[in-house]
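Within every chain, numbering begins at 1; the chains are lettered A, B, ... in the order of the sequence lines, protein sequences first and strands thereafter. Note that the structure is predicted; figures quoted are calculated from it, not measured.
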Amino acid sequence: MAEVRYNHKEVEKKWRGNWQAKPINVNDGKKPKYYCLDMFPYPSGSGLHVGHWRGYVISDVWSRYKMLHGYYVIHPMGWDAFGLPAENYAIKTGVHPKISTADNVANIKRQIKEISAVYDWDMEVNTTDPEFYKWTQWIFVKMFKAGLAYEKEMPINWCPSCKTGLANEEVVNGCCERCHSEVTKKNLKQWMLKITAYADRLLDDLDKLDWPEKVKKMQTDWIGRSYGAEVDFKVEGTDKKITVYTTRPDTLYGATFMVLAPEHEMAKELATDETRKDVEDYIYRASTRSNIDRMQDKEKTGVFTGSYAINPLNGAKVPIWLSDYVLADYGTGAIMCVPAHDDRDFEFAKKFNLPIIQVIAKDGKEIENMTEAYTEASGTMINSGEWNGMESSVLKKEAPEMIEKMGFGKKTTNYKLRDWVFSRQRYWGEPIPIIHCPDCGCVPVPEDQLPLLLPEVEKYEPTGTGESPLAAIDEWVNTTCPCCGKPAKRETNTMPQWAGSSWYFLRYVDNKNSEELVSREKADKYLPVDMYIGGVEHAVLHLLYSRFYTKFLHDIGVIDFDEPFKKLFNQGMICKKPDDVEKYGTKAMKMSKSMGNVVSPDTLVNDYGCDSLRMYELFVGPPETDAEWDDRGIDGVRRFITRFWNLVHESAGKNVPETEECVKLRHRMVHDITERLENFSLNTVISGFMEYNNKFIELAKKQGGIDQVTMENMITLLAPFAPHVAEELWEVLGHDTSVFENNKWPDYDEASMQDNEIEIAVQLNGKTKSVIKVAADISKEDAVAAGKEALADKLTGSIIKEIYVPGKIVNIVAK
RNA sequence: GCGGAUGUGGCGGAAUGGCAGACGCAGCAGACUCAAAAUCUGCCGGUGGUGACAUCGUGCGGGUUCAAGUCCCGCCAUCCGCACCA
């Protein structure tokens with residue numbers, strides 16, 4: 001038969017056209033839905049590299065796999081387009097962010113289409129579209145009305161380079177998550193979202209989610225729930241009291257001093273005439289130090305206030321100190337210190353020569369010459385009055401209620417999670433829809449007047465003063481109060497980039513609805529997301545915020561579920577060694593333009609084809625692991641495709657009869673590929689294709705080709721991975737419909753996979769000596785006998801044990 | 001400091017406690033070719049041996065087991081997360 005060479009350009013062009021003319025993923029209203037979502041990208045000017053492809057290929061393979069199981073797959077794409085890069089570009093060039101964003105979207109969309117994923121572009125959303133951010137603002141108004149959005153003046157994280165406030169989650173090692181500048185503190189009036197009101201649900205509901213343990217752990221730690229007690233200490237000689245928070249009320253008898261954060265409201269008044277100067281100096285110094293300085297401290301610092309507190313349990317007089325190792329905004333900003341049982345208190349006590357009293361006996365006795373704190377809540381209480389003899393772990397749990405009953409404290413729960421600083425002093429974001437009225441206070445923009453459009457400006461520069469650039473537009477700022485009609489001013493801060501991305505996944509399924517965020521009918525039918533695929537970098541940012549928003553929208557009745565993403569998959573990064581070894585070293589790093597280690601998919605698609613690149617993206621390594629890119633490897637998958645192409649062309653139309661051997665291989669292939677795919681082991685799916693292809697080629701040589709059903713099965717298995725080639729070969733086999741139409745993922749049965757004769761290893765004392773062929777259903781006795789025969793003269797000495805693992809090994813243990 | 005992950009040929013990687021190195025890249029040899037490319041065939045962890053074979057080998061040191069890359073204990077290295085949250 002005439003040779004038909006594989007030409008990827010022709011094949012891919014043809015099938016892209018066919019799919020456009022007749023879409024393959026259609027909603028007939030009868031199929032069950034499956035929602036497979038990618039984390040939507042920021043449309044940057046530098047375009048896509050092969051690292052971006054990886055996640056999109058994984059999600060597309062999974063989507064097409066689900067299509068072949070009879071699902072209508074919701075697989076949308078959109079743009080997270082507010083944010084600093086577009087704004088910075090505008091500052092530099094004067095081009096309005098709206099223009100540059102539209103250009104970037106067009107360019108990236110063109111590049112994404114090269115992947116040939118089954119995205120439904122009718123569902124596309126863009127966070128900067130007023131019809132979209134109308135609902136971002138609507139959610140804010142609803143939160144305001146529910147008391148979850150509030151204004152507060154407080155020292156917040158401030159990035160001096162981006163000239164904006166930041167959320168806690170956006171500060172990494174004391175630096176700005178975006179630009180890595182050192183973050184300072186700035187006192188600003190801010191809009192806050194009360195995410196802490198959802199702390200318990202955000203924590204407890206993690207159990208419901210099929211997410212990587214790593215991400216769940218990170219969220220758990222970030223929320224940081226702890227149980228303990230607040231205890232009131234009277235200040236000696238006054239009628240004032242200081243409340244401390246502790247998770248170890250069992251050690252109350254061991255409290256030998258107390259430390260307040262320098263920012264504590266009582267810090268100054270505790271000073272005496274002798275200590276006043278030192279105390280005020282210390283408070284001043286602490287106020288000037290950045291987080292980074294504080295973190296880098298090797299040694300503890302502190303100052304004695306001159307005042308004493310009274311331990312409410314035993315009346316002991318304990319000195320009150322100030323130190324910046326106590327955080328002002330956690331707990332009560334004050335702690336009781338038990339140096340014997342806390343590392344930090346121990347270090348402080350040693351440095352300032354404060355007494356150390358042990359109250360828990362480790363292994364039944366006091367530790368002599370203590371060199372470090374004994375921090376475990378395990379052991380018998382000592383030096384603790386009526387608590388002596390109790391078990392520390394039991395007391396730890398019971399003490400909060402005991403203290404509450406004794407009347408000098410209460411049981412409490414604390415969280416590391418803080419409320420979300422939601423104001424940004426920047427231009428390119430959603431305006432916060434609030435009007436400040438001198439009489440009525442903060443009034444939300446009426447819902448029927450949303451969206452509140454972002455006005456056009458001449459200058460985008462952030463002012464750096466804590467005012468947004470919007471504050472300079474008088475005609476926009478000055479308005480009237482929707483409540484009383486008197487002159488009022490608009491809020492000029494904008495929302496953070498996370499605002500739109502916290503709920504966008506709800507909008508895809510009803511993106512043209514002008515009446516509702518999403519209709520309840522469509523939400524019930526198509527949501528939530530079944531599979532969410534993206535990088536791990538959003539573990540506590542986007543993923544935590546989205547869960548918060550979803551819970552809120554659930555509570556106000558917009559949707560019926562309260563977790564957005566049932567299953568989460570984090571793909572690894574694609575890395576490459578930088579070209580400039582002298583500047584960046586020889587270690588492979590995440591692709592970035594500045595490092596000069598970006599590989600563009602464009603030339604690879606041109607030279608090898610979309611199908612080859614798709615498969616190679618998966619073949620580079622386990623999908624959840626980072627992988628180092630090497631262009632040369634793509635030859636391997638391209639060779640596989642060509643060899644399979646040739647095999648099908650050689651066998652097509654020949655009516656090769658099914659043989660026992662071929663059927664066996666076919667069932668094994670379907671089994672292996674299915675199992676590996678279900679386990680998300682996509683790299684071994686590709687190697688499986690190669691391995692079985694080699695076997696079929698060998699077989700075809702022997703028997704003059706491969707039967708129709710085997711070829712059809714393999715093409716169907718291949719279809720999610722290399723859809724163009726699969727379609728073409730499906731047609732070659734005589735089908736006039738798509739491989740995704742009237743077709744389903746093939747089945748296998750275990751019985752058909754079995755061999756009559758199998759190879760087993762024969763071991764002597766656990767070491768393999770030879771391999772023998774035996775009947776698959778051989779008995780232990782016969783297998784052992786065959787094993788002994790194979791070992792023959794090697795088998796000297798007496799036999800201690802005989803082991804037969806069916807289908808695997810015979811092991812003879814001899815002396 | 002605390003927590004988590006990872007460590008296997010020249011390289012990417014594969015192995016429900018059961019023949020370590022599947023599959024691929026690179027390399028070597030051969031076939032085809034005037035030649036090259038492409039394609040096809042074979043070899044491809046170390047050491048010893050012409051050879052069948054022997055022996056060592058999954059970061060290091062112990063242990064459990066008939067049998068350990070895999071399980072347990074103790075280290076080392078790299079990466080990631082958190083970092084005075086009382």
Side-chain angles (χ1 to χ4, degrees), chain A residues 5 172-174 212-215 217-218 220-222 224-226 228 244-249 251 255 259 261 291 294-297 300 323-338 341-345 347-348 375 414-418 536-537 539-540 575 587 615-616 619-622 624-637 639-640 642-643 646 675-676 679 681 683-694 697 701 759-771 799-814:
Chain A
R5 282 182 59 102
V172 179
N173 291 327
E213 287 306 316
K214 178 186 170 154
V215 175
K217 177 91 171 48
M218 282 169 73
T220 303
D221 291 348
W222 190 261
R225 180 164 64 194
S226 68
V244 301
Y245 172 69
T246 178
T247 57
R248 294 297 303 277
T251 63
V259 177
N291 282 359
R294 270 169 90 148
M295 276 185 334
Q296 279 167 350
D297 265 352
K300 298 231 175 328
S323 175
D324 63 7
Y325 85 88
V326 174
L327 304 175
D329 59 351
Y330 180 78
T332 61
I335 60 168
M336 67 173 207
C337 296
V338 185
H341 304 290
D342 182 278
D343 292 326
R344 298 148 300 185
D345 299 349
E347 192 191 330
F348 196 83
T375 57
N414 253 306
Y415 304 88
K416 291 189 196 175
L417 184 71
R418 309 291 148 89
V536 77
E537 64 271 18
V540 285
C575 301
K587 216 168 56 186
M615 291 187 83
Y616 185 56
F619 192 52
V620 288
E624 68 280 6
T625 313
D626 291 351
E628 192 176 334
W629 189 263
D630 180 1
D631 272 351
R632 287 179 301 188
I634 196 172
D635 284 313
V637 285
R639 282 181 198 130
F640 155 73
T642 308
R643 280 154 58 87
N646 292 338
E675 192 174 79
R676 292 172 189 189
N679 291 333
S681 178
N683 54 323
T684 62
V685 169
I686 307 299
S687 47
F689 279 132
M690 292 171 170
E691 188 182 347
Y692 281 102
N693 191 43
N694 291 343
I697 288 170
K701 276 186 202 158
E759 285 192 340
I760 60 170
V762 179
Q763 298 184 335
L764 178 59
N765 296 330
K767 293 197 171 188
T768 302
K769 294 295 172 186
S770 66
V771 176
I799 292 168
I800 299 166
K801 207 168 179 180
E802 292 159 344
I803 293 149
Y804 173 57
V805 182
K808 305 273 186 185
I809 55 138
V810 169
N811 188 11
I812 310 293
V813 186

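- Comparing B:rA14, B:rG18, B:rC66 by their nearest atom to the side chain of A:Gln763 picks out B:rG18.
- Taking atom C1' in both B:rG18 and B:rG69, the straight-line distance is 13 Å, to the nearest Å.
- Distance from the side chain of A:Phe619 is smallest to B:rG12 among B:rC40, B:rG12, B:rC19.
- For the C1' atom pair drawn from B:rG21 and B:rG46, the interatomic distance equals 14 Å after rounding to whole Å.
- Shown here, B:rG9 is classed syn by the O4'-C1'-N9-C4 or O4'-C1'-N1-C2 angle, which is within 90° of 0.
- Checking B:rA86, B:rG13, B:rC40 against every side-chain atom of A:Thr246, the shortest atom distance belongs to B:rA86.
- With C1' as the reference atom, B:rG27 and B:rC11 are 11 Å apart, rounded to whole Å.
- The interatomic distance linking A:Glu628 (CD) with B:rG7 (C1') rounds to 15 Å, in whole Å.
- The A:Lys217 side chain lies nearest to B:rG3 when the options are B:rA86, B:rG3, B:rG18.
- Residue A:Asn173 has its side chain nearest to B:rA83 when only B:rA83, B:rC66, B:rC25 are considered.
- Taking the P atom of each, B:rC73 and B:rA20 are spaced 26 Å apart, rounded to whole Å.
- B:rA22 sits 32 Å from B:rU65 when the P atoms are compared, rounded to a whole Å.
- When distances run from any side-chain atom of A:Met218 to the nucleotides B:rA22, B:rG81, B:rG12, the shortest one goes to B:rG81.
- Considering only the side chain of A:Lys769, B:rU55 comes nearest among B:rU55, B:rA26, B:rA86.
- Classification of the A:Tyr616-A:Trp629 ring pair by plane angle, with boundaries at 30° and 60°, yields perpendicular.
- Going from the P atom of B:rG9 to that of B:rG59 covers 8 Å, rounded to whole Å.
- Rounded to whole Å, the distance from NZ on A:Lys416 to C1' on B:rA83 is 8 Å.
- Distances shorter than 4.0 Å separate some side-chain N or O of A:Asn683 from OP1 or OP2 on B:rA14.
- Across B:rC23, B:rC56, B:rC66, the shortest atom-to-atom separation from the side chain of A:Lys767 is found for B:rC56.
- For the pair A:Asn811 (side chain) and A:Gly766 (backbone), a donor-acceptor distance under 3.5 Å is present.
- Using C1' as the reference atom, B:rG49 and B:rC56 are 15 Å apart when rounded to the nearest Å.
- Among B:rC23, B:rC66, B:rA86, the nucleotide with an atom closest to any side-chain atom of A:Met690 is B:rC23.
- B:rG13 and B:rC25 have their P atoms separated by 16 Å, with the value rounded to a whole Å.
- Dashed line: the shortest gap from a side-chain N or O of A:Tyr330 to OP1 or OP2 of B:rA86 is under 4.0 Å.
- Scanning atom types as modelled, one donor and one acceptor separated by under 3.5 angstrom connect the side chain of A:Lys300 and the base of B:rC84.
- Taking atom NZ on A:Lys701 and atom P on B:rC40, their separation rounds to 9 Å, with Å as the unit.
- Among the nucleotides B:rU16, B:rC25, B:rA86, the one closest to any side-chain atom of A:Arg639 is B:rC25.
- OP1 or OP2 of B:rG24 has at least one side-chain nitrogen or oxygen of A:Asn694 nearer than 4.0 Å.
- Atom pair A:Tyr616:OH and B:rG24:P shows a separation of 14 Å (rounding to whole Å applied).
- Looking at heavy-atom distances under 4.0 Å, A:Asp221 makes no contact with the nucleic acid at all.
- At the phosphate of B:rG18, neither OP1 nor OP2 sits under 4.0 Å from any side-chain N or O atom of A:Lys808.
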